[in-house]
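The residues of the chain are indexed from 1 along the displayed sequence. All values below come from the heavy atoms of this structure, side chains included, with hydrogens, waters and symmetry mates left out.
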Amino acid sequence: MNMTTRIHQILNILLDSRGQSLTDQKIADQIGVSKRTVLREMDSISEVLREYGLVLDRKKGEGSRILGDEEARDKLRRFLDEQKPADPAEKEIRRNQLLLLLLGSKEPQKLYYYAQKLGVSEATISMDLEAVEPWIEECHMRILKKPGYGVSLEGSETNFRNALQRLISANVSNESVREFLRNGSNVVLQSLRQNNTDDNIYRLMNGEILSRVQTVMEQIESDHLRRLASEAYVGLIIHITIAVERILQGEVMETEEHISELFRLDDDTELAQTIAKGLEEEFEITISGQEVQNIMLHIKGAKIQYSNGVSEEQIDTEKLLGIIDAMIESYDPEIASELKYDEEFIHGLLMHLKPAIVRLQYQMNIHNPLLEEIRSEYPDIFARCKKVAEVIKKEFHTEVPDSEIGYLTMHFGAAEERIRDRKYTSRCVHIGVICASGFGLARLMMAKLSRELKNEDVQLIALGIDELTPYVTSRTDFFLSSLNIEGSKVDVVPISPLVTARDVEIIRMKIAEYAHMPAKTPETDFTRQLDEINYITAKIKGVLRRYRHTKLPEEMNLDEVLETLAEKITGNRMSSMVLYADFKKREKIMSQLFPELGFGLFHCKSRAVNECSILTATARSRTGFTDESMKHIKVIICMTMPDDDEVKENGKMLGEVSSALIDQDDFLPLIETGDTEEIRNRIQNILRHYFNGFLNHF
């Protein structure tokens, strides 16, 4: 049967319970899904167990457990270890690598060649070829398969280059673009390396050629070149790098139709000729007239930065303004008059349309990284922009792809938001950040979000997955989570644990949506407030009193570290075994090691402890831990809290310390010193800040 990730997780959890019954809710909490989702998988679980001579025993009120001898259990464990389900992200990476190999192969290659290159079976390669075929067809190419001959791509040189540029553009983030402009090509290359594994997009880009192309571009004195938007500038350099590499390989661009009257000799043509001359001198090659024309097309199709509401481009401006009027009427006649008087919208759309029309007329690829989010989050606006695209199609006799419609949606959507802002007063938006416990990863995410959203009127709160009570959801506008939360009726926006630039953009759109909705004001009770203050005071005092720092042998592996921490926290062998198991379960959900930041944050709620505690640890060697499982880790922060009804407030308190790891640059270096009293004083200051904020909440 198909071993899904969820079935794999549930089987491991039941095996780890050592014959104890677990309720569906407990299983759901551990893997971050709903109780109903777990229930749906139980028939499949029972089917797998039968194949190994085991039985799924389910009793109402008690839960599920596995019955059978230890030998059968061990056999199933070995199978699960060997058959870990494929990560969808890894599949996507492998298919990108396959595309690179196909685009880079001059001769046909057999399936065995690709299977060996990518470390999978020939059957997997065959399925991957079927999966990437629609993408290849979109690039106006096709896959040729002949028995005994191999697999290759068929298409024009233009199509090959466009496909290469599309693939690279889809794998270079906006952040990489900004770093590129600040620090040069090495940063782009580093980003390309990081986005994939060994045989990755970086293989497509010749680092030496890229660096030399950038040098040529930097030596050109051109205001027009400097006014290109950052993404467009990098896109132009990548286009030129691909062209130079193909020319050096002897691949010649086919001669296409003569340039239309729109592209008579002008500043763009002169700039393209200047770039071509610089490339000829740098690489000792000949740049054909067709190559020059293609460079010119990319310049004309690039986005131009503008300021002070003045455009330096004067390509049929009056005609475009008339087209924009027709586009607005097609979009929504009811708000047409308001849109026509929105100067920011008109000017922004005008600046977008000038290069967009060039791209459309010459079928130049443009990548829109937010397209799927735009479609799903703003289906009504996207549908209306489909009608807007018909105006462009009728005027210029060219199809408008969804990637361009996505950008139109952003322009029209932003204008609608401004119209709403003028009609309604906004309010503070309450956002819940969810992780398994509510005080570990969620607080790290909150720390970054607080910086990214510092200019937004929002209130963030960290929550455990089991805290989505009716009381909480009624007072929270929407939630953010890196976990897969199924079956929930609340508005949950899935985001990366690292909170990417794309995530922040989507969150801002969501904030704007809720800022104009009415909010409920919860009632307050003075007696309850006093009880909560006394409760928090006692909790903080207890955490400070129990805090300790310890130094561990640098050769310890991850399991040994977790086992040692569990013993030091509980002081009891039996309890430490339970806490160790809880640490491991939490680690299975998502690793809490952050090698790029140099620390590990181990945290969980457990029945093995009765009170909240914080323990920090470092390796005896100041250079950090040496075992592969702990590589690059210098500091460990361990936080535990009881698995009881007070989990919400405990999570908020301990989460404040998690946030400080990101917010306070000198906190981790202080822990590295191992000075227990200084670290305790810092934690005291952190919790004092939390306590003051708690009081201000009333």
Side-chain angles (χ1 to χ4, degrees), residues 194 435 437 439-441 443-444 447-448 497-498 543-573 575-604 606 608-609 612-641 654-687:
Q194 290 172 346
C435 77
S437 63
F439 69 99
L441 184 59
R443 296 308 294 244
L444 295 179
K448 184 167 184 179
L498 299 178
V543 168
L544 294 174
R545 185 175 64 252
R546 286 185 293 276
Y547 167 73
R548 284 177 294 164
H549 182 86
T550 185
K551 293 187 177 181
L552 305 175
E554 59 269 21
E555 66 273 9
M556 274 189 168
N557 61 33
L558 176 59
D559 282 346
E560 291 170 336
V561 167
L562 293 177
E563 195 171 356
T564 302
L565 294 175
E567 289 178 358
K568 290 184 177 294
I569 289 171
T570 61
N572 177 291
R573 180 58 182 167
S575 296
S576 70
M577 291 173 63
V578 175
L579 182 56
Y580 168 76
D582 289 336
F583 277 140
K584 291 289 288 182
K585 289 176 184 176
R586 182 65 185 86
E587 191 69 12
K588 279 184 180 180
I589 297 174
M590 182 175 291
S591 176
Q592 302 303 289
L593 291 173
F594 300 91
E596 66 276 9
L597 301 176
F599 73 88
L601 175 62
F602 301 124
H603 58 90
C604 70
S606 174
V609 297
C612 295
S613 67
I614 298 176
L615 183 147
T616 57
T618 50
R620 288 174 184 164
S621 167
R622 291 295 295 273
T623 57
F625 293 92
T626 57
D627 186 82
E628 189 65 26
S629 63
M630 294 289 291
K631 197 170 183 181
H632 303 305
I633 301 299
K634 294 183 178 181
V635 170
I636 294 170
I637 302 91
C638 183
M639 297 187 289
T640 55
M641 63 180 180
L654 295 179
E656 196 76 16
V657 180
S658 298
S659 298
L661 296 172
I662 301 298
D663 291 338
Q664 300 183 15
D665 294 337
D666 59 342
F667 190 21
L668 281 174
L670 175 60
I671 298 175
E672 279 190 63
T673 67
D675 189 326
T676 301
E677 288 309 311
E678 286 296 322
I679 301 171
R680 192 197 310 275
N681 288 338
R682 175 60 62 86
I683 294 174
Q684 178 174 292
N685 290 335
I686 293 168
L687 294 180

### Task
Quick one: closest heavy-atom pair of Ser658 and Met639, and the distance?
OG-CE, 2.9 Å
### Summary
OG (Ser613) and CZ (Arg545) are apart, to the nearest 0.5 Å, by 12.0 Å
### Task
Answer whether the closest heavy-atom distance between the side chains of Phe667 and Ile683 falls below 4.5 Å.
yes
### Query
Do the side chain of Arg680 and the main chain of Leu544 share a donor and acceptor less than 3.5 angstrom apart?
yes
### Query
Would you say Leu615 and Ile636 make side-chain contact, with heavy atoms under 4.5 Å?
no
### Message
I'd like to know whether CG of Asp666 has more than 12 heavy-atom contacts from other residues, nucleotides or ligands below 6.0 angstrom.
### Response
yes
#### Entry: Minimal non-hydrogen separation, Leu661 against Phe599, with atom names
CD1-CE1, 3.8 Å
### Message
Do Leu687 and Val657 have side chains that approach each other closer than 4.5 Å (heavy atoms only, starting at C-beta)?
### Response
yes
### Query
How far apart are the C-alpha atoms of Ile637 and Leu668, what are their side-chain angles, what is the distance that settles it, and do they pass the side chain to side chain contact (heavy atoms under 4.5 Å, CB included) test?
CA-CA 10 Å; Ile637 302 91; Leu668 281 174; 4.1 Å; yes
### Query
Can you find a heavy atom in the side chain of Gln664 that is under 4.5 Å from one in the side chain of Ile686?
yes
#### Entry: Which atom of Lys634 lies closest to which atom of Thr623, heavy atoms considered
CE-O, 3.9 Å
### Euclidean distance, Gln684 CD relative to Glu677 CD, rounded to 0.5 Å
10.0 Å
## Note on the structure
Rounded to the nearest 0.5 angstrom, the CE-CD distance for Met556 and Glu563 is 8.5 Å
### Message
Using a 6.0 Å cut-off, check whether atom NZ of Lys585 has over 12 heavy atoms from anything other than its own residue.
### Response
yes
### Query
Nearest 0.5 Å, what's the OG-CG distance between Ser576 and Leu565?
11.0 Å
### Query
Thr570 and Thr640: side chain to side chain contact (heavy atoms under 4.5 Å, CB included), yes or no, with the steps?
CA-CA 10 Å; Thr570 61; Thr640 55; over 6 Å; no
### Query
Between the side chain of Thr626 and the main-chain N/O of Glu554, is any donor-acceptor distance below 3.5 Å?
yes
### Message
Going by side-chain contact (heavy atoms from CB on, under 4.5 Å), Thr673 matches just one of Thr676, Ile671, Leu670. Which one?
### Response
Leu670
### Task
Kindly compute the distance separating CD (Glu678) from CZ (Arg682), expressed to the nearest 0.5 Å.
8.5 Å
### Message
Does Glu628, at its CD atom, have more than 12 non-hydrogen atoms belonging to other residues, nucleotides or ligands within less than 6.0 Å?
### Response
no
### Message
Within this structure, what is the CD-CG distance for the pair Glu560 and Leu558, rounded to the nearest 0.5 Å?
### Response
9.5 Å
### Message
Side chains of Val578 and Ser606, heavy atoms from C-beta outward: is any pair under 4.5 Å?
### Response
yes
#### Entry: Test item: Val609 and Ser575 side chains (from C-beta on) under 4.5 Å apart, heavy atoms
no
### Summary
Heavy-atom nearest pair, Ser659 first then Ala447, reads O-CB, 3.9 Å
### Query
If you look at every heavy atom in Gly600 and Ile633, which pair is closest and at what distance?
N-CG2, 4.0 Å
### Message
Donor-acceptor pair, distance only, cut-off 3.5 Å: does the side chain of Glu587 make one with the backbone of Gln592?
### Response
yes
### Task
Look at the side chain of Ser629 and the backbone N and O of Asn557, then say whether any donor-acceptor pair between them is shorter than 3.5 Å.
no
### Query
What is the minimum heavy-atom distance between Leu552 and Ala617, and which atoms define it?
CD1-CB, 4.1 Å
#### Entry: Side chain to side chain, His603 and Leu601, heavy atoms closer than 4.5 Å
yes
### Task
Indicate yes or no: at least one non-hydrogen side-chain atom of Phe602 is less than 4.5 angstrom from one of Leu593.
yes
